[in-house]
Amino acid sequence: MDVTILIFGATGDLAKKKLIPALYGLIKTKKLENYIIVGAAINDISVHEVLDHAKSSIADLDENLWKSLSQRFFYKPIDFNDKNYFDTLKNYVEQLEKQFNLVGNRLIYCATPSDFFCVLTEHVAQSGLAKRTTSSGPWCRIIYEKPFGHDLQSAQEINACIARYFDEDQIYRIDHFLTKELVINLALLRFTNIVFEPLWNNQFIDNIQIIIDEKILVDDRGKYYDRYGAVRDIVQNHQLELLALIAMEAPKKLEGNYIREERARVLQHVRFVDGIFGQYQGYLTTHGVQPQSTTETWAELICTIDNERWNGVPFYLRTGKGMRSKCTIIHVVFKQAECRLTTCPVANNYLTIRIDPDAGFTLYLNAKKPGELADIMPVAMDFCHSCLYAQTTPRAYEVLLEEVLRGSKSIAVRFDEIEDSWRMVDEIYARKLPVFSYVVGSEGPQERMEFAKKHGIRVMT
Ligand code: BG6
């Protein structure tokens with residue numbers, strides 16, 4: 001693979017914690033061999049400082065490999081709003097490409113807040129850093145990190161702007177959750193096992209719970225996070241994409257475009273019912289956060305899907321920072337079986353899909369207690385993916401970059417999916433939900449109990 005990778009926002013948290021470590025991973029596995037990486041951001045710092053920041057995010061670092069990456073990594077301070085910087089950057093990139101014998105395939109990563117997407121796109125296009133791909137010349141692909149916009153209107157404006165310069169097949173609006181191993185596995189699990197599909201509807205499913213809990217706090221992302229909050233940062237993209245995968249109709253084939261088609265179809269019918277927000281204690285002292293901020297760092301939301309398959313089934317979405325532990329998980333809770341025992345009721349069966357930090361799934365069934373005549377106990381049938389494959393499974397951003405380098409659009413999000421999820425998110429914010437405070441390391445505000453009681457939510461463990 002012969003490529004020039006340009007990262008705009010190269011000094012940010014995403015580049016430091018995810019992108020540079022993912023590129024290191026691709027070099028380690030020899031998926032990236034002939035390349036240069038050129039970072040650009042507002043900060044006037046040296047390339048060594050940029051790399052030093054990222055180095056600490058790499059586990060089991062091999063110094064020789066790191067050295068070879070450092071020899072092909074470059075950095076230029078840049079003002080995204082000033083086109084002159086892009087003209088200079090273009091000349092710099094062309095010189096490097098000559099020096100390293102590269103043909104000029106370019107992958108451009110916009111690892112910046114979406115406020116910059118339009119101006120960045122305009123300037124990379126006008127300077128010639130990125131061009132529309134032609135059938136004969138080198139290719140150019142451009143990645144836009146989530147969240148794509150801040151609300152429906154801004155997302156539509158950005159989309160109209162970037163469409164003026166690039167063709168849809170060059171544009172990658174990405175969501176790294178779609179490249180997590182167990183998320184890719186979701187559609188396979190549902191549609192290659194005949195035991196699930198007949199039960200996957202409102203006749204047999206009681207509720208679905210999609211939980212993205214994080215132990216980490218906002219830390220040095222205060223400026224970004226305070227404008228976005230948990231719903232824009234996580235629900236609009238990661239959580240609704242998980243919901244779409246869990247709830248979609250069977251795609252014609254288990255392939256990228258067919259899956260995207262079905263995900264988009266289901267998102268058109270998601271409706272917000274009720275919710276509650278929380279903010280962890282100490283958030284207001286985070287650097288970059290407004291002193292009186294009411295931004296939510298925790299949210300629990302109830303949605304339904306208005307279609308024949310899901311009418312009447314609540315989908316509970318919960319996410320928060322400062323939780324007791326990191327846990328990305330989905331519970332599919334089946335209805336109770338009719339009880340024909342003397343001791344009733346019997347426990348619900350449920351399927352738990354664990355996405356992070358450990359991956360796997362467990363099906364909870366009822367079985368006879370040893371020795372007792374008609375007493376039952378819950379038993380777990382477990383598949384632990386991480387126990388078997390953790391060492392060899394690539395991380396989400398490695399998969400993402402590899403897919404874009406291959407030109408596969410299966411991990412990209414279509415704009416209509418983004419529009420529909422913003423439509424719902426705008427509706428959530430329009431309701432002005434109450435924001436309650438909670439203690440770091442807890443499971444959210446105390447008031448969540450009242451909310452759970454009101455809506456009959458049963459938390460699975
Ligand atoms: C990002 C959010 O998209 O996902 C972060 O902006 C969040 O706030 C992160 O911490 C979680 O991703 P992962 O892969 O670490 O679970």
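Read the numbers this way: they start at 1 and go in the same order the structure lists the ligands and their atoms. What you are looking at is a predicted structure, and each value in this text was computed from that prediction instead of being measured.
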closest protein heavy atom to atom 7 (C) of ligand 1 is Glu214 OE2, 3.3 Å
Is it true that Tyr283 and Glu296 share a donor-acceptor pair across their side chains at a distance under 3.5 Å? no
Report, one line per pair, each donor and acceptor closer than 3.5 Å where one atom sits in a side chain of residues 207-215; sequence neighbours left out.
residue, atom, partner, partner atom, Å
Asn207, OD1, Gln209, NE2, 3.1
Gln209, NE2, Arg458, O, 2.7
Asp213, OD2, Arg318, NH2, 2.7
Glu214, OE1, Lys321, NZ, 2.5

Output, in order, the C-alpha distance, side-chain angles, deciding distance and verdict of side chain to side chain contact (heavy atoms under 4.5 Å, CB included) for Phe86 and Leu120. CA-CA 9 Å; Phe86 290 78; Leu120 262 172; 3.9 Å; yes
Within 4.0 Å of some non-hydrogen atom of Lys180, the atoms of ligand 1 are 13 (P), 14 (O), 16 (O)
Heavy atom of Thr328, distance to ligand 1 below 4.0 Å: no
For Gln281, I'd like to know if atom CD has over 12 heavy atoms of other residues, nucleotides or ligands within 6.0 Å. yes
What is the closest protein heavy atom to atom 12 (O) of ligand 1, and at what distance does it sit? His176 NE2, 3.2 Å
Protein contact to atom 6 (O) of ligand 1 [nearest heavy atom, distance to 0.1 Å]: Asp233 OD1, 2.7 Å
Basic-acidic side-chain contact under 4.0 Å: Glu122, Lys83: no
Would you say Lys321 touches ligand 1, if touching means a heavy atom closer than 4.0 Å? yes
Atoms in ligand 1 with a heavy atom of Lys146 nearer than 4.0 Å: 1 (C), 2 (C), 3 (O), 6 (O)
Proximity to ligand 1 by part of Ile216, non-hydrogen separation under 4.0 Å: side chain
Honestly, for Asp356 the part within reach of ligand 1 (heavy atoms, under 4.0 Å) is side chain
Among Lys326, His238, Arg221, Lys17, which one puts a heavy atom closest to atom 5 (C) of ligand 1? Arg221
Do Arg221 and Tyr228 meet the cation-pi criteria used here (NZ or CZ under 6.0 Å from the six-membered ring centre, within 45° of the axis)? no
So which bit of Tyr225 gets within less than 4.0 Å of ligand 1, heavy atoms only: side chain, backbone, both or neither? neither
Proximity to ligand 1 by part of Arg395, non-hydrogen separation under 4.0 Å: neither
Give me the nearest non-hydrogen protein atom to atom 15 (O) of ligand 1 as residue plus atom name, then the distance to 0.1 Å. Lys18 NZ, 3.0 Å
Identify whether NZ of Lys or CZ of Arg in Arg190 sits under 6.0 Å from the centre of the six-membered ring of Phe196 and within 45° of that ring's axis. no
Quick check on contacts: which atoms of ligand 1 are under 4.0 angstrom from a heavy atom of Phe177? 12 (O), 16 (O)
Pairs satisfying side chain to side chain donor-acceptor pair (under 3.5 Å), at least one member in residues 440-449, at least two apart: Arg324-Glu443
cation_pi(Lys76, Tyr85) dist<6.0 Å, angle<=45: no
